[in-house]
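Bear in mind the structure is a predicted one, so any value in this text is a computation, not a measurement. Chain letters run A, B, ... following the sequence lines, proteins first and then strands; every chain starts at 1.
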2 protein chains.
Amino acid sequence: MKSFPRPLATVDVAIFSIREDALRLLLVRRPDGADEPFPGQWALPGGFIDTARDVDLEGCAMRKLADKTGFRIPYLEQVGGFGNAKRDPRGWSVTQLYFALVPPDAAVPDESGAQWHAVHGDGVGARLAFDHKQLVRAALTRLRNKVEYTSLPVYLVTEPFTLGELQRAFEVVLDRSVNKAAFRTRVLSAGLVESTGEFRPGPTRPAELYRAARGAGDVKFFPRTFSPRS
Amino acid sequence: MKSFPRPLATVDVAIFSIREDALRLLLVRRPDGADEPFPGQWALPGGFIDTARDVDLEGCAMRKLADKTGFRIPYLEQVGGFGNAKRDPRGWSVTQLYFALVPPDAAVPDESGAQWHAVHGDGVGARLAFDHKQLVRAALTRLRNKVEYTSLPVYLVTEPFTLGELQRAFEVVLDRSVNKAAFRTRVLSAGLVESTGEFRPGPTRPAELYRAARGAGDVKFFPRTFSPRS
DNA sequence: TGAATAGTGTCTGTTAGACACTATACT
DNA sequence: AGTATAGTGTCTAACAGACACTATTCA
C-alpha cells in the first residue's frame, strides 16, 4: 500500500432555527491564538473528526451539535463534502457539511459563545472564516430546495403547532408567502401532520393543534412543488 | 491547535453507462497482495486523495474517472461522504462518493481491468469490497430520483440522438416504461433538447435528431415528476 | 357587534397519462 | 400494399393557485 499524506478531515454543521420570525443560523467565534486560522471570526460550528470518539460522520456531526445546543433529536442531513488544497491555511482539508433544523425552543448555552445570525438572501451579514460563506450558501440552497417539495419545516416548529404556525415556517424559509388554502390542502392530504384534537385558545378563533405524523417517521414528500407557475 | 490523528481520505466514483440496453456500472478489481484489503474483489474505481496532484475533490474524482475511461467531459456529481471507523480495515476512513454518467461510446481501455456490470434492482450481482455495496445503492438511489425530475439521461446517450433513444435511456434507468406522448411533450416543452434539423434514416420512418440544448449548459428540471398517480 | 384569525368551497389553468390516431419511410 | 416506427390530437383526472366566502372566539 502506497502511503499518501492525509488531508485534514473535519465536520461542519449549519444549524438553522426560526427565531423572532426570521430564519437564523447558529455561528461561533473562532478561537483566538497566534497559531489559529481566522482568529475571532464567525464560523460554522464544527471541527476535526475525533477518530477515538466518533463512530461515524453523522455521530461526529451530532457531537458538534450537542456541544452547542441541547434538545430533542433534531433533523440532521448531510449536504456534501468540500475539499481542496486552499480552504484551510493548515493544508489540504476536507470537510463534511451537515445541516440541522432545531425548533425555536432549543436552548443555546450561554457559555458556548454561539449566536443566532439572521439569514438574508443567500447568507448572513457577518464575514465568515474559511470557505464558510460558500458552505452556508450550499446549506441554504439545499434547505430551500427541499422545502419546496418536502415537509422539512415541521422540524422548525415546536409541537404541538397550528397550521398557521407551520405555514409561517414555510414562508420564513422560502422568503415568500404561500396560499393558505393550497397550503392546508397540500399539508393535510400529504398526511404530513396529524391532529392532536386539542385547540390553542387566543384572542380570536382557536386553532386546531397538530403534530408531525408518526409512523413513517421520515420526511414526507409532496407530489408537486409550491413553485408559482412561470 | 490540538492535533488529531487524521482519517484516511479517499474518493470513489460510480460510473454508469447504458450498454446492450441495460444500465451498467464500471467496476475494477482490488489489487492482490497480502497487505491489501479485499484483494481481488470487485470495487468502485477510486482511491486516496493525492494532496500533491489533486486541487480539489472534484479534480480527484475526474482523475479516477480519466484513469478508467476516455471521452468527452462526462456528467459528474457528488453523492456524499461516507465515513466511519470500520469501513476500511486500515482504520477510520472517509470517502467522497461521486457518480458519473458516460455515453455508450465511451471507451474503457482493456489494460485497466475494468468491467461493466449490469445493475439489477439496487445493486450489482458481484460481491463488492469495503462498503461499496452501500455506496452503489446510494448512487443508484440518487440517480433514479434525479431522473424523475431532471434531464440527466441526455448524458447517457450519444449525440445526436432521437427522442426514441432518449426515451429508452429514461426507461432503462427508471426500469419502467414511460408514456411516449407525455415524454415527448415534457422533454420538448422543458427546452431540454434542440433539433439538429437532421434525420436518422432507417427501415421505417426517419426520426428527427436532437442534441442537448446549449446555453443553460446545466441539467434541466421538469416542472413535475414522472411518477404515476397513486 | 366588530375585529381578527381559522378554516372552506369553488373556479380556473396547467400538466401527466392514456389511447387512438395520422405520417412516413423501406420492402 | 404492408409493416414498423415516428410523431400528434384529444380526453380525463389531479392538483396549485386565486379568491371570496363562512366560522368562531374575545373584547
Side-chain angles (χ1 to χ4, degrees), chain A residues 21 145 147-151 153 157 160-172 174-211 220-230, chain B residues 21 145 147-151 153 157 160-171 174 176-211 220-230:
Chain A
D21 208 42
N145 281 343
V147 168
E148 293 282 356
Y149 62 92
T150 67
S151 61
V157 292
F161 50 81
T162 69
L163 291 187
E165 289 165 355
L166 184 59
Q167 181 178 349
R168 189 67 201 132
F170 273 85
E171 290 176 336
V172 164
L174 293 175
D175 197 23
R176 70 162 193 265
S177 65
V178 306
N179 181 271
K180 181 169 67 159
F183 177 81
R184 301 173 76 92
T185 311
R186 189 181 166 87
V187 161
L188 292 174
S189 68
L192 175 168
V193 296
E194 58 188 23
S195 172
T196 64
E198 308 280 305
F199 287 81
R200 170 163 305 164
T204 67
R205 174 175 172 177
E208 193 163 2
L209 289 168
Y210 291 83
R211 60 172 164 258
K220 296 288 201 310
F221 287 78
F222 296 116
R224 279 210 219 169
T225 74
F226 270 131
S227 306
R229 295 303 153 70
S230 48
Chain B
D21 207 42
N145 281 343
V147 168
E148 293 283 356
Y149 61 92
T150 68
S151 61
V157 293
F161 49 82
T162 68
L163 291 188
E165 288 166 355
L166 184 58
Q167 180 178 352
R168 188 67 200 132
F170 272 86
E171 291 176 335
L174 293 175
R176 70 162 193 266
S177 65
V178 305
N179 182 272
K180 181 170 66 161
F183 177 80
R184 299 174 77 93
T185 311
R186 188 182 169 89
V187 162
L188 291 174
S189 67
L192 174 167
V193 297
E194 58 188 25
S195 173
T196 63
E198 308 280 305
F199 286 81
R200 170 163 305 163
T204 68
R205 175 175 172 175
E208 193 163 3
L209 289 169
Y210 291 84
R211 60 172 163 258
K220 295 286 199 313
F221 287 78
F222 297 115
R224 281 209 218 169
T225 73
F226 270 131
S227 306
R229 295 301 153 72
S230 49

> Given dG17(D), dG9(C), dG7(C), which nucleotide is nearest the side-chain atoms of Ala182(A)?
Replying inline: dG17(D)
> Tell me: CZ of Phe183(B) to C1' of dA18(C), nearest whole Å?
Replying inline: 17 Å
>> What is the distance, to the nearest angstrom, from the NZ atom on Lys180(B) to the P atom on dG9(D)?
In response: 13 Å
>> Working to the nearest 0.5 angstrom, can you tell me the gap between Ser177(A) OG and Arg168(A) CZ?
In response: 9.0 Å
> If you look at every heavy atom in Val193(A) and Leu163(A), which pair is closest and at what distance?
Replying inline: CG2-CD2, 4.2 Å
> CD of Glu148(B) versus C1' of dG17(C): gap in Å, rounded?
Replying inline: 14 Å
>> From C-beta outward on Ala207(A), which listed nucleotide comes closest to its side chain: dG7(D), dA6(C), dG9(D)?
In response: dA6(C)
Could you run down the sub-3.5 Å N/O contacts of the protein with nucleotides 25-27 of chain C?
unit_1	atom_1	unit_2	atom_2	d
dC26(C)	O4'	Pro203(B)	O	3.1

> Taking the six-membered ring for Trp, are Phe183(B) and Phe170(B) parallel (under 30°), tilted (30 to 60°) or perpendicular (over 60°)?
Replying inline: perpendicular
>> Under a 3.5 Å distance rule, please check whether Glu165(B) uses its side chain to pair with a backbone N or O of Thr162(B) as donor and acceptor.
In response: yes
> Rounded to the nearest Å, what distance is computed from the CG atom of residue Leu188(B) to the P atom of nucleotide dG7(D)?
Replying inline: 9 Å
> Whole-Å distance between dT15(C) P and Tyr149(B) OH?
Replying inline: 20 Å
> Rounded to the Å, how far apart are Phe161(B) CZ and dA6(D) C1'?
Replying inline: 16 Å
> Between OG1 of Thr196(A) and CZ of Arg211(A), what distance do you get to the nearest 0.5 Å?
Replying inline: 6.0 Å
>> Using 0.5 Å steps for rounding, measure from the CD atom of Glu208(A) to the CZ atom of Arg200(A).
In response: 12.5 Å
> Can you check the Phe170(B) CZ to dG17(C) P distance for me, whole Å?
Replying inline: 12 Å
> What pair of heavy atoms forms the shortest contact from Asn179(B) to Gln167(B), and how long is it?
Replying inline: C-NE2, 4.1 Å
>> Heavy atoms from C-beta onward define the side chain here; which of dG7(D), dC19(C), dC19(D) lies closest to that of Asn179(B)?
In response: dC19(C)
> Quick one: Arg184(A) CZ to dC15(D) C1', roughly how many Å, whole number?
Replying inline: 18 Å
> Are OP1 or OP2 of dA16(D) and a side-chain N or O of Arg186(A) less than 4.0 angstrom apart?
Replying inline: yes
